[in-house]
Amino acid sequence: MAVVAPKVLSLQTIFLLLMMVSLSKAVLNAHYYDQTCPQAEKIIVDTVYNASKHDPKVPARLLRMFFHDCFIRGCDASVLLDSTPGNRAEKDGPPNISIRSFYVIDDAKTKLEMACPHTVSCADIISIAARDVVAMTGGPYWNVLKGRKDGRVSKAAETINLPAPTFNVSQLIRSIAKRGLGVKDLVALSGGHSLGFSHCSSFEARLRNFSSAHDTDPSMNVEFAESLRKKCPKPNKDRNTGQFLDSTSSTFDNDYYKRILAAKGVFGSDQALFGDYRTKFIVEAFAEDQSLFFREFAASMVKLGNVGVIENGEVRLKCRAVN
Ligand code: HEM
Ligand SMILES: *[C@@H]1O[C@H](CO)[C@@H](O)[C@H](O)[C@H]1NC(C)=O
Ligand SMILES: *[C@@H]1O[C@H](CO)[C@@H](O)[C@H](O)[C@H]1NC(C)=O
Ligand SMILES: *[C@@H]1O[C@H](CO)[C@@H](O)[C@H](O)[C@H]1NC(C)=O
Ligand SMILES: *[C@@H]1O[C@H](CO)[C@@H](O)[C@H](O)[C@H]1NC(C)=O
């Protein structure tokens with residue numbers, strides 16, 4: 001968007017206007033806990049680091065947790081609330097969203113409550129942990145804006161609003177536009193699939209009886225499809241089988257985009273990014289230039305962390321239950 005400044009506006013006025021625009025959005029602040037809990041980020045990174053050392057699945061799970069939290073009701077830790085007798089919460093929702101490692105957030109929260117009681121929100125813990133797992137697996141580092149409050153509502157039925165791995169680019173763009181994010185954010189954030197694992201159920205529709213014209217999704221490399229069919233037999237006795245999302249699934253890098261170029265994206269929604277003119281050139285740029293990907297990923301994670309931030313929530317004492 002090109003802004004042509006009328007001559008009557010001085011540079012100072014323009015700066016002021018720009019500041020007001022950014023201030024009106026920024027309830028969040030990089031220095032939010034500087035006075036009230038200066039050791040907050042250290043406590044969180046230590047907890048996340050120790051947990052990841054004991055269980056290498058932790059980084060991917062915490063990164064995915066952040067995405068889910070922010071996409072449903074905004075970044076308000078609604079994903080952490082347990083179901084209660086009267087209410088089925090997001091974490092028990094259909095489609096079963098298979099996010100785990102909640103204990104890591106619980107551990108960090110327990111330590112934070114001892115160090116600075118009733119200060120650090122669970123939503124901020126998730127967003128700091130998501131940055132930490134990316135940095136500790138080789139990805140970029142960024143300053144996390146803080147000051148989110150925790151929500152009081154979590155509804156299983158709302159997980160239907162997560163984008164599905166079968167989405168095409170139009171559907172993906174619509175889904176993220178509802179959260180104020182753009183096409184570049186979509187391609188950059190999809191790079192989160194540089195970490196982690198998927199169960200067969202999330203991609204097996206691409207492998208057999210795909211459409212009336214194609215038995216296998218034609219956008220998938222033939223040998224890759226064959227290897228996935230072996231990993232996901234039909235019928236499948238083991239619900240835990242699946243595929244790593246890229247060939248370096250415990251290192252955060254741009255290999256995800258290189259695999260998409262090679263028709264080896266695991267989800268239809270990953271591979272679709274290469275089949276659409278609106279996203280293809282961004283995939284190519286990130287495959288070619290890892291430092292560009294890192295910069296854009298960090299910037300998009302900050303934007304994702306701003307989605308639906310609430311001011312009238314609470315700081316939960318335990319992340320699994322409202323106060
Ligand atoms: C754009 C739309 C997206 C779709 C359709 C999507 C879909 C999925 C699906 C289906 C899974 C596998 C679930 C399973 O079978 O266990 C998954 C895993 C994962 N997603 Fe996404 N996702 C999207 C965006 C994101 C974003 C924005 C991030 C983070 C920035 C992210 C991070 C992850 C990670 C790290 C995993 C692996 C989790 C693990 O290993 O436990 N995803 N995603
Ligand atoms: C490190 O993690 C392990 C496994 O999660 C846990 O048993 C242990 O108490 C942790 N240690 C610290 C210092 O947090
Ligand atoms: C989700 O998974 C959990 C644990 O495997 C299970 O208890 C729950 O019933 C599942 N929920 C749905 C909606 O499938
Ligand atoms: C994307 O999917 C929707 C819903 O299935 C469909 O209506 C639309 O035509 C598709 N768009 C493209 C560009 O394939
Ligand atoms: C493939 O799909 C068609 C139409 O949806 C269905 O009639 C047929 O039974 C399916 N075949 C297999 C082997 O699942």
Side-chain angles (χ1 to χ4, degrees), residues 43-71 75 95-104 106-108 110-111 126-127 129-131 133-134 137 139-140 159 161-179 181 183 185-206 211 219 232 239-246 249-252 256 265-273 275-279 293 296-298 300-305 307:
I43 291 174
I44 294 168
V45 74
D46 286 350
T47 309
V48 170
Y49 185 84
N50 178 48
S52 304
K53 218 172 51 187
H54 285 81
D55 178 2
K57 294 183 177 130
V58 163
R61 289 172 171 179
L62 294 182
L63 180 57
R64 185 157 190 248
M65 186 188 288
F66 175 64
F67 158 63
H68 278 278
D69 185 37
C70 294
F71 258 56
C75 314
N96 209 329
I97 55 182
S98 70
I99 27 172
R100 279 179 250 179
S101 300
F102 293 107
Y103 72 91
V104 183
D106 293 337
D107 281 0
T110 304
K111 290 178 191 149
I126 300 177
S127 61
R131 184 273 317 274
V133 297
V134 170
T137 52
T159 57
N161 297 320
L162 287 169
T166 52
F167 272 13
N168 63 33
V169 170
S170 300
Q171 294 169 301
L172 290 169
I173 290 176
R174 206 174 314 130
S175 171
I176 64 158
K178 282 188 198 147
R179 281 85 178 174
L181 302 172
V183 174
D185 301 310
L186 167 66
V187 182
L189 291 171
S190 295
H193 291 163
S194 176
L195 296 181
F197 176 86
S198 170
H199 299 91
C200 292
S201 54
S202 301
F203 58 81
E204 64 192 355
R206 304 180 72 199
S211 67
S219 71
C232 305
R239 287 184 69 227
N240 294 321
T241 57
Q243 167 67 29
F244 289 105
L245 294 177
D246 88 3
S249 67
S250 50
T251 306
F252 193 94
Y256 164 82
V266 175
F267 303 134
S269 56
D270 293 327
Q271 196 58 48
L273 299 176
D276 190 294
Y277 71 96
R278 290 167 291 184
T279 47
F293 164 51
E296 296 300 340
F297 183 80
S300 292
M301 286 290 277
V302 173
K303 280 178 79 176
L304 178 57
V307 172

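For ligands, and for the atoms within them, numbers begin at 1 and follow the listed sequence. Because the structure is a prediction, the values reported are computed rather than measured.
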Hey, what polar pairs (N/O, under 3.5 Å) does ligand 4 make with protein?
{"from": "ligand 4", "atom 1": "2 (O)", "to": "Asn168", "atom 2": "ND2", "distance (Å)": "2.3"}
{"from": "ligand 4", "atom 1": "11 (N)", "to": "Asn168", "atom 2": "ND2", "distance (Å)": "3.0"}
{"from": "ligand 4", "atom 1": "14 (O)", "to": "Asn168", "atom 2": "ND2", "distance (Å)": "3.3"}

Inset, instruction - In sequence, state the C-alpha distance, the side-chain angles, and the governing distance for Ser269 and Gln171, and then conclude on side-chain contact (heavy atoms from CB on, under 4.5 Å). - result: CA-CA 9 Å; Ser269 56; Gln171 294 169 301; over 6 Å; no
Legend entry - Intermediate values then yes/no, side-chain contact (heavy atoms from CB on, under 4.5 Å), Leu189 and Met301: CA-CA 7 Å; Leu189 291 171; Met301 286 290 277; 3.6 Å; yes
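Looking only at side-chain heavy atoms (C-beta outward), Phe244 and Ser250 stay at 4.5 Å or farther from each other. Looking at Leu62 and Met65, their side chains come closer than 4.5 Å, going by heavy atoms from C-beta outward. In this structure the side chain of Tyr103 reaches within 4.5 angstrom of the side chain of Val58, judged on heavy atoms.
If you number the atoms of ligand 1 from 1 as listed, the ones under 4.0 Å from a heavy atom of Gly196 come out as 37 (C), 40 (O). For ligand 1 and Ser202, the ligand atoms under 4.0 Å from any heavy atom of the residue are 10 (C), 12 (C), 13 (C), 14 (C), 15 (O). Close contacts of ligand 1 with Ser269, meaning ligand atoms under 4.0 Å from a residue heavy atom, involve 5 (C). Shown in contact with His199 at under 4.0 Å from a heavy atom are these atoms of ligand 1, numbered in order with element: 14 (C), 15 (O), 16 (O). Applying the 4.0 Å criterion to heavy atoms of Lys111 picks out, from ligand 2, the atoms 14 (O). Listed by atom number, the atoms of ligand 1 under 4.0 Å from Pro163 heavy atoms are 2 (C), 5 (C). Close approach of ligand 1 to Gly192 is summarised as follows: ligand atoms under 4.0 Å from at least one heavy atom of the residue are 35 (C).
Contact annotation for Ala164 and ligand 1: only backbone heavy atoms (N, CA, C, O) come within less than 4.0 Å of the ligand. At a heavy-atom cutoff of 4.0 Å, ligand 1 is contacted by no atom of Arg100, backbone or side chain. Both the backbone and the side chain of Ala60 come within 4.0 Å of ligand 1, judged by heavy-atom distances. Residue-level proximity to ligand 1 for Phe267 is carried by the side chain, the only part with a heavy atom below 4.0 angstrom.
Between the side chain of Ser127 and the backbone N or O of Phe66 there is no donor-acceptor pair closer than 3.5 Å. At least one donor-acceptor pair closer than 3.5 Å links the side chain of Ser190 to the backbone N or O of Leu186. The closest donor-acceptor contact from the side chain of Ser249 to the backbone of Leu245 lies at 3.5 Å or more, if one exists at all. For the pair Ser300 (side chain) and Phe297 (backbone), a donor-acceptor distance under 3.5 Å is absent.
Assignment of Phe167 to the shell around ligand 1 is not supported, since no heavy atom sits closer than 4.0 Å.
Between Tyr256 and Phe293, the gap from one ring centroid to the other reaches at least 6.0 Å.
Scanning Leu273, Val58, Leu186 for the heavy atom closest to atom 1 (C) of ligand 1 points to Leu186. With distances taken over non-hydrogen atoms, the option nearest atom 21 (Fe) of ligand 1 out of His193, Arg64, Met301 is His193.
Electrostatic pairing of Asp55 and Lys57 does not count as a salt bridge here, judged by no charged N lying under 4.0 Å from a carboxylate O.
Under the 30°/60° scheme for interplanar angles, the aromatic rings of His193 and Phe267 are found to stand perpendicular. Note: Phe67 and Phe71 have tilted aromatic rings, judged against thresholds of 30 and 60 degrees for the angle between ring planes.
Considering backbone and side-chain N/O atoms, Leu245 never comes within less than 3.5 Å of an N/O atom of ligand 1. For the pair Asn50 and ligand 2, the shortest N or O to N or O distance falls below 3.5 Å.
In this structure, a donor-acceptor pair under 3.5 Å is absent between the side chains of Ser201 and Arg239.
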